[in-house]
Amino acid sequence: MRRSKLSDHKLQKGKFISPINSIPFMHQLDDVESWTYGRIPEYLWIGLILKHYGRDEGLKKAHGIISTLHKLAPDLYTARMSQIITLPGDVQKNFYDYIISIGAKEALGPLTIFLTASKAPVFVKCFYCPEQSIEERCEAIIDTMREIMDHQSNESTDIRYVALYFNLLSGKMHIQRNQVDLLTKYPTADHGDKIMHMARPIVRTLETLILTFDKIDSTYLKEFWRCLSEMTDCSKIAIEFPEEQRNITTYMQKLHEVFTYLSELFVATNLLSEKMNVLLGIATYSFKRMKEIYDHQLFNSISGRSCVRVLIEDYIMMKYLVKNEPSHDNIWRDYQLYGMGLYKLVLARCRESGVSEESHFDERYIEALVNEFKDEEFIDMDTKYFDKKNIRLKAEEVGEKNLYGLYYDYDSSFEHGLWGAIRETSLLKCINPAHKYHSIPDVYDEIRLKTVLPDCVMVMNKTVAFLDEIYGIPDQLLREVIDFEI
């Protein structure tokens, strides 16, 4: 299946609209209409027969079963189990007797785990097999569901063909002659045959059209999923990438030597330069963030992703400040006041609402910082982006659009606790189809994320190379960092 490109999407008011959602009146089916959650519970009985006998024999059996059902209940136009079990008792009995007569009782026996005497007394009386344990019945259902959860799989398409065939017998749907030819050849053709490349999409499309006049029993669906989820256990899996064990001690030492050199250069030659103070301050903050990840070996952690995001934003900001220095008077002072203004805003809120002495926000220390070089009464509080441009616009301006578009946007999800990051880091996958492939909180920390070490080094090296362009770092010292191989 071809996935749409970003360029295929339409950008409208800050939202990328997918190509399919741009089509008028196009929408995804509701859960009760969907194949996975709305129709599988209804057509599972067909799937059990096909799985029990295999495709060729199963389709032959299904043909006889469907034809018999139509003769016994000519007004029934879909083969939903929820409708079959509401047919008059004598009609049900005759239909079930036919299924049993062709030897398919054991195939449908597993359904009695859900279709109990209170819900479907006639069905249970005919198909309950005492020799089938609860575990065996659950396993048979789960094995079948696992094969047909994908609505485009060969197995699910076979079920949809049988359901479509029954609907066509009812006369509710009229199709074209070429479609009739394809459907006639479907049950005898192998899925590897060329004709099936055309036949399968036709089957799936026409079966979906049944929904236009179908009756959906939402109560039946809810009870099905409730029962199956309670009767079966979770089967969880955890994504576990290799643990980062590469030694970068030498790299961190050389990186420290670079920042030591730049710090000493600042003190010795340009002590009062706001520009150098700001640039080295930003870069040192990046270095300290990476050092924390290194010291505590958090490369496979959520915190590691936060580190990559900070390194990128710091690097982009450094390039932006330098690029705009000629056109923005006092950009270095304004950048500092912007940050302190945001500190002042928090400080003001603290004074109004108070904060616990145990809080990591220390009012006295923050007040001292805010008033360090300028009385806070002369400091404005700008809640907009610095220089009225967000980080995306700054990245584009300094030629780092790709760095922002991939890494920064991705890692921002972790920083803000957005659902993508939560799903990736904090929820295990249950692969039991009876549980709708739900997720389970990773309370035992079984998930191990992919290492961020190469990305940290990549962005840190960009930062060092940028500082070298401005201040010049001894070549040997620079090369020991830039050319370091992880």
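All figures in this text were calculated on a predicted structure; none of them were measured in a lab.
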### Query
Under the side-chain hydrogen bond (donor to acceptor under 3.5 Å, both in side chains) criterion, do H435 and T232 qualify, and how do the steps go?
CA-CA 8 Å; H435 292 190; T232 57; 3.0 Å; yes
### Task
Show the numbers, then the answer: is there a salt bridge (charged side-chain N to carboxylate O under 4.0 Å, His left out) between D214 and R80?
CA-CA 9 Å; D214 215 351; R80 287 176 174 263; 2.7 Å; yes
### Task
Show your working on ring-ring contact (aromatic ring centres under 6.0 Å, His included) between Y343 and F361 and close with a plain yes or no.
CA-CA 11 Å; Y343 255 39; F361 178 87; 7.6 Å; no
### Task
Run the numbers on T36 and S34 for side-chain hydrogen bond (donor to acceptor under 3.5 Å, both in side chains), then give the verdict.
CA-CA 6 Å; T36 306; S34 70; 5.4 Å; no
### Task
Begin with the C-alpha distance, continue with both residues' side-chain angles, and end with the deciding distance and a verdict on side-chain hydrogen bond (donor to acceptor under 3.5 Å, both in side chains) for T157 and Y186.
CA-CA 10 Å; T157 306; Y186 183 93; 5.0 Å; no
### CA sep, side-chain torsions, deciding dist, call: E396, K394, salt bridge (charged side-chain N to carboxylate O under 4.0 Å, His left out)
CA-CA 5 Å; E396 292 175 356; K394 290 183 174 74; over 6 Å; no
### Task
Verify side chain to side chain contact (heavy atoms under 4.5 Å, CB included) between I99 and K105, making sure each step is shown before the conclusion.
CA-CA 7 Å; I99 296 176; K105 178 178 180 178; over 6 Å; no
### Query
Is there a side-chain hydrogen bond (donor to acceptor under 3.5 Å, both in side chains) between Q83 and Y77 once you walk through the steps?
CA-CA 10 Å; Q83 295 185 28; Y77 53 84; 5.7 Å; no
### Task
Evaluate the salt bridge (charged side-chain N to carboxylate O under 4.0 Å, His left out) criterion for residues E42 and R39: first the C-alpha distance (whole Å), next the side-chain angles of each, then the deciding distance (0.1 Å), finally the verdict.
CA-CA 5 Å; E42 298 280 17; R39 278 133 64 205; over 6 Å; no
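Minimum heavy-atom separation, A421 to F414: CB-CD2, 3.4 Å. The heavy-atom pair separating L48 from A140 by the smallest distance is CD2-O, 4.0 Å. The minimum heavy-atom distance linking K61 with I49 is given by the pair CB-CG2, 4.4 Å. Closest approach of M460 and F287 over heavy atoms only: CE-N, 4.0 Å.
Side-chain atoms of L44 and L108, non-hydrogen and from C-beta on, never get closer than 4.5 Å to each other. Between Y43 and I46 there is a side-chain heavy-atom pair separated by less than 4.5 Å. Between S306 and R289 the shortest side-chain heavy-atom distance falls below 4.5 Å. With contacts defined as side-chain heavy-atom distances shorter than 4.5 Å, the pair I65/W45 qualifies. For the pair F127/E106, no side-chain contact is recorded, criterion being any heavy-atom separation below 4.5 Å from C-beta on.
Taking the charged nitrogens against the carboxylate oxygens, E139 and R137 have no contact shorter than 4.0 Å, which rules out a salt bridge. Electrostatic pairing of K51 and D143 does not count as a salt bridge here, judged by no charged N lying under 4.0 Å from a carboxylate O. For the pair R309 and E313, the salt-bridge criterion is met [side-chain N within less than 4.0 Å of a carboxylate O]. The existence of a salt bridge linking D387 and K389 is excluded, since no basic side-chain nitrogen approaches an acidic carboxylate oxygen closer than 4.0 Å. By the 4.0 Å N-to-carboxylate-O rule, R305 lies too far from E415 to be salt-bridged with it. The pair D97-K93 meets the salt-bridge criterion, with a side-chain N (NZ, NE, NH1 or NH2) lying under 4.0 Å from an Asp/Glu carboxylate O. Ion pairing between E223 and R226 holds under the 4.0 Å rule for side-chain N and carboxylate O.
In this structure a side-chain-to-backbone donor-acceptor pair under 3.5 Å is present from D442 to D445. Judged purely by atom type and a 3.5 angstrom limit, D193 has no side-chain atom pairing as donor or acceptor with the backbone of A189. In this structure a side-chain-to-backbone donor-acceptor pair under 3.5 Å is present from R423 to L427. Although no hydrogens or angles enter the test, the distance criterion places a donor-acceptor pair under 3.5 Å between the side chain of S301 and the main chain of G304. No donor-acceptor distance shorter than 3.5 angstrom exists from the side chain of W35 to the backbone of S156, with no hydrogens or angles considered. Between the side chain of E136 and the backbone N or O of C138, no donor-acceptor pair lies under 3.5 Å. Q92 places no side-chain N or O within 3.5 Å of a backbone atom of V122 that could act as its donor or acceptor partner. Checking side-chain atoms of Y437 against main-chain N and O of M149 turns up no donor-acceptor pair under 3.5 Å. Using a distance-only test at 3.5 Å, with no hydrogens or angles considered, no donor-acceptor pair links the side chain of E147 to the main chain of T144. T205 places no side-chain N or O within 3.5 Å of a backbone atom of I202 that could act as its donor or acceptor partner.
Heavy-atom contacts from other residues, nucleotides or ligands closer than 6.0 Å to CD1 of I100 number more than 12. Other residues, nucleotides and ligands place no more than 12 heavy atoms under 6.0 Å from the CD1 atom of I134. Dense packing is recorded around NZ of K429, with more than 12 heavy atoms of other residues, nucleotides or ligands lying under 6.0 Å away.
Under the 6.0 Å distance and 45° angle rule, K436 counts as a cation-pi partner of Y37. Figure legend: cation-pi geometry between R392 and Y404 absent, as NZ or CZ is not positioned both under 6.0 Å from the six-membered ring centre and within 45° of its axis.
The salt bridge (Lys or Arg N to Asp or Glu O under 4.0 Å) check on K388 picks up nothing, with sequence neighbours excluded.
H63 pairs with exactly one of Y165, Y53, Y161 by the ring-ring contact (aromatic ring centres under 6.0 Å, His included) rule, that one being Y165.
With 3.5 Å as the limit, one finds no donor-acceptor pair spanning the side chains of N167 and T78. Residues Y320 and E397 have side chains that never bring a donor and an acceptor to within less than 3.5 angstrom of each other. No side-chain donor-acceptor contact under 3.5 Å links S235 and N432.
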